[in-house]
Amino acid sequence: MTNNIKQLLENTINKIYSDIIDDQQVNFTVERPNNDKYGDFSSNIALKLASVIKKNPILIAENIVEEIKDKNKMIEKIEIVKPGFINFFIKDSYFQNIVEDVLSENRNYKKTNFGKNKKVQVEFVSANPTGPLTIGHGRQAVLGDTISRILEWNGYEVTREYYFNDAGRQMRLLGESVYARYMELLGEKLKIPKDGYEGGYIKDIAKLFLENYGEKYRNNQSEKIFIDFSTEYMLRSIKSTLKKLNIIHDAYFNEKTLYDNGKIDEILKKLEQKGSTYESEGAIWFKTTEFGAEKDRVLVKSSGEPTYRLPDIAYHAQKLEQDYDQIIDIFGADHHATYPDVVSALKLMDYDTSKIKVLLHQFVTLVRKNKKIKMSTRKGDFITLDELISIAGSDVVRYFFIMRNMGSHLNFDIELAQKETDENPVYYLQYAHARISNVIKHSKLKEIGSFEDGNIELLKEKEEIDILKVISEFEETMELCFTTLEPMYLANYLHKLATYFHKFYQRHRVVTENKELSKSRLKLIKSIKIIFSNCLNILGIEAPENM
RNA sequence: GCGCACGUAGCUCAGUUGGAUAGAGUGACGGAUUCCGGUUCCGUAGGCCGAGGGUUCAAAUCCUUCCGUGCGUACCA
């Protein structure tokens, strides 16, 4: 819609001012003004043009309007205002027609094929299985899955991938911590290792271990089985938590693969050949300063063990060798310093890094009555994602995690999340959907019958046209979500849609003695319902028929 | 110290590439709704957009300095 107007203006100035502007880009905008006295759409094109061709913007505006006047049948009138804005007023009939479009396209309304079935991999969560997922992981999980859904809506083929490492120091500590609890269950004195894990889940694993293996591993701390058993347990638990949020990864990629298939060595060798590494103090360093970093980084520790950086590079090299058209990584803000190194290394080896897109999200603070709840992962002193889901429910958790833009800190108000009242924005949305379902049900009782023949031209009330305008924004909202990969816009949009529906509902009855009008309004609310349902579906939130 | 974010109503946050009177929700106060679900709607109050300077027709938005907060600055991931 906005794009149509923009195109119209673009064509117009190319026609009238072709000699003056030739191939100069005029960076004008078309937007929906917040004040409706400025029309449905407004453009600053004349103001922008004024600085290029040194003419009075009002005059330019007049020339443009003269050219498009009466040529577009959806435009009711055009006004030129003060500094030089051009304001467009659209005919009601245009908005009324949207109802028919929505009803006929239904689930596919304004679905796009921008992706043309291109393959995109979205990597998210990727927490090592040392403990239950935290609230922070939750935000990433929901973001990753919602972004995947947005991509799918736009015709991409998405692979959701989870990267983890079940080797290394952290996992060793996990095994030792479980061992300590195991020995405790066998009546020994508890000796939790230094920096070990103290959360209650360790006891659960130990207990299950005991049930499976009895006393067989008494005094066998070094047994790898503690790590393997714990890893398997934690991965199962993580998957089950994600499933509660309706999130299922297509692939779990273990870092170990990169050692087994020689990728780590290969990459290290390549970097050495490029002369970008050197040895110092027994470690192998990567000359990151050559790419603008403050300091060089260690790739291989003096112990001979690589740091996380080297496998990260190898992993991404491998991703780029597969036939993905795009790679999306979702990381917490604490990773913002590390990924540029990965990209530099890949560039150095002539990989096409333009395929990689990194999205960083800020952290989550759990809040109760305006007070921060402090948490410590190691001590196990935290509310897990799993607990949060059981307290607040999947729909609320999903909505809360994407209702703020990912770049800003999120305060998760645990009390608000539990409220099943109008204070909770999720219920506000779902209630609107349920209400529509109910009205349609009611219309059947009143024997309105089929409303397929409802006349959309009867939708003339301000509240009706207003909500149709909101529906017309769906397309550009989705496009914004797609280009920015920021689901927040859709959350805000849904709230707006609900507001306008409730406003309409408050002032006008759908089912009345007037059968013709009832039918047209039923058509209207049915189309609203479809938009709700489509949007909620993209957000992975249920659209209930009743509540 | 340095790097990257951020600072908008009492609170939580929107504000597309600079645009016309800076908006929502929530809290506070006051109203509406005999009705298809009172989990709804309407109104009022609340702001020098962290502070100063600059750029231009136009700045919450861009540049600069300062103040404040968060994250990073590991041979942890």
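Just so it is clear, the values below take in all heavy atoms, side chains as well, and ignore hydrogens, waters and symmetry mates. Reminder, nothing fancy here: chain letters follow the sequence lines and each chain counts from 1.
When each of A:Glu255 and A:Asn411 is assigned the nucleotide of RNA chain B bearing its nearest heavy atom, the one mapping closer to the 5' terminus is A:Asn411. Mapping A:His508 and A:Val81 onto RNA chain B via the closest heavy atom, the residue that lands nearer the 5' end is A:Val81.
Seen from the ring of A:Tyr505, A:Arg435 counts as a face-on cation partner, given the 6.0 Å and 45° thresholds. Geometric assessment of A:Lys256 against the ring of A:Tyr259 yields a negative cation-pi assignment under the 6.0 Å and 45° thresholds. Geometrically, A:Lys6 does not engage A:Phe41 in a cation-pi contact, judged by NZ or CZ lying under 6.0 Å from the ring centre and within 45° of the ring axis. In this structure, A:Lys77 forms a cation-pi arrangement with A:Phe89, its terminal cationic atom sitting closer than 6.0 Å to the ring centre and no more than 45° off the ring axis.
Here A:Asn87 lies in heavy-atom contact (under 4.0 Å) with a base. Residue-level contact check: A:Met488 touches the backbone only, with heavy atoms under 4.0 Å from sugar-phosphate atoms and none from bases. Within 4.0 Å (heavy atoms only), A:Asn44 reaches at least one base atom of the nucleic acid. If you check every strand for non-hydrogen atoms under 4.0 Å, A:Asn35 touches a base. The residue A:Lys444 sits apart from the nucleic acid: no heavy atom pair falls under 4.0 Å. Within 4.0 Å (heavy atoms only), A:Tyr505 reaches at least one base atom of the nucleic acid. Within the nucleic acid shown, A:Ser408 comes within 4.0 Å of sugar-phosphate atoms alone, with no base atom in reach, counting heavy atoms only. Note on A:Arg435: only backbone sugar-phosphate atoms sit closer than 4.0 angstrom, heavy atoms only; bases stay farther off. Among the heavy atoms of the strands, none lies under 4.0 Å from A:Glu305. In this structure, A:Leu47 reaches the bases: a heavy-atom distance under 4.0 Å links it to at least one base atom across the strands shown. If you check every strand for non-hydrogen atoms under 4.0 Å, A:His336 touches a base. The residue A:Ala333 sits close only to the backbone: its heavy atoms come under 4.0 Å of sugar-phosphate atoms, none of a base. Residue-level contact check: A:His361 touches neither bases nor backbone, having no heavy atom under 4.0 Å from any strand. Base engagement by A:His335 is indicated by at least one non-hydrogen atom pair under 4.0 Å involving a base atom.
As the counterpart of B:rU64, B:rG52 is assigned, both hydrogen-bonding distances of the Watson-Crick or G-U wobble pattern falling under 3.5 Å. When both distances must be under 3.5 Å, the Watson-Crick or G-U wobble mate of B:rU73 is B:rG1.
Contact annotation: A:Asn405 side-chain N/O to B:rA14 OP1/OP2 distance is under 4.0 Å. Residue A:Tyr489 places at least one side-chain N or O under 4.0 Å from the OP1 or OP2 atom of B:rG15. Listed pair A:Lys446 / B:rC36 fails the phosphate criterion, with no side-chain N or O lying under 4.0 Å from OP1 or OP2. The side chain of A:Lys301 contributes an N or O atom lying less than 4.0 Å from OP1 or OP2 of B:rC76. The phosphate of B:rU73 has neither OP1 nor OP2 within less than 4.0 Å of any side-chain N or O from A:Arg297.
Atom CD of A:Glu463 and atom C1' of B:rC41 are 11 Å apart (whole Å). Taking atom OH of A:Tyr431 as the reference point, atom C1' of B:rU39 lies 6 Å away to the nearest angstrom. Here the P atom of nucleotide B:rG72 and the CZ atom of A:Phe331 are 16 Å apart, to the nearest Å. In this structure, A:Tyr428 atom OH and B:rU26 atom C1' are separated by 13 Å, rounded to whole Å. Rounding to whole angstrom units, CG of residue A:Leu517 and C1' of B:rC36 are separated by 13 Å. Atoms CZ (A:Phe28) and P (B:rG18) sit 15 Å apart, rounded to a whole Å. Separating the NE2 atom of A:His495 from the C1' atom of B:rU12 is a distance of 13 Å, rounded to the nearest angstrom. In this structure, the CZ atom of A:Phe501 is 13 Å from the C1' atom of B:rU39, given to the nearest Å.
Rounded to a whole angstrom, the distance from the P atom of B:rC66 to that of B:rA9 is 25 Å. For B:rG50 and B:rU12, the P atoms lie 15 Å apart once the distance is rounded to whole Å. B:rC4 and B:rU40 are spaced 45 Å apart, taking the C1' atom of each and rounding to whole Å. Taking atom C1' in both B:rG54 and B:rU44, the straight-line distance is 40 Å, to the nearest Å. B:rC67 and B:rG53 are spaced 15 Å apart, taking the C1' atom of each and rounding to whole Å. B:rG43 and B:rA5 have their P atoms separated by 40 Å, with the value rounded to a whole Å. With both ends at atom C1', the span from B:rG47 to B:rA24 equals 15 Å, rounded to whole Å. With P as the reference atom, B:rC75 and B:rU69 are 28 Å apart, rounded to whole Å.
Per the stacking criterion (ring centres < 5.5 Å, plane angle < 30°), A:Phe363 does not stack onto the base of B:rG70. In this structure, the aromatic ring of A:Tyr38 is positioned over the six-membered ring of the base of B:rA20, centres within 5.5 Å and planes within 30°.
For A:His336 and A:Phe331, the ring centers are positioned 6.0 Å apart or more. The six-membered or imidazole ring of A:Tyr38 lies away from that of A:Phe85, with a centre-to-centre distance of 6.0 Å or more. Centroid-to-centroid, the aromatic rings of A:Tyr399 and A:Tyr428 stay 6.0 Å apart or farther.
A donor and an acceptor atom, one from each side chain of A:Asp329 and A:His335, are nowhere located under 3.5 Å apart.
Scanning both residues, A:Ile448 and A:Thr512, for their nearest heavy atoms gives CD1-O, 4.3 Å.
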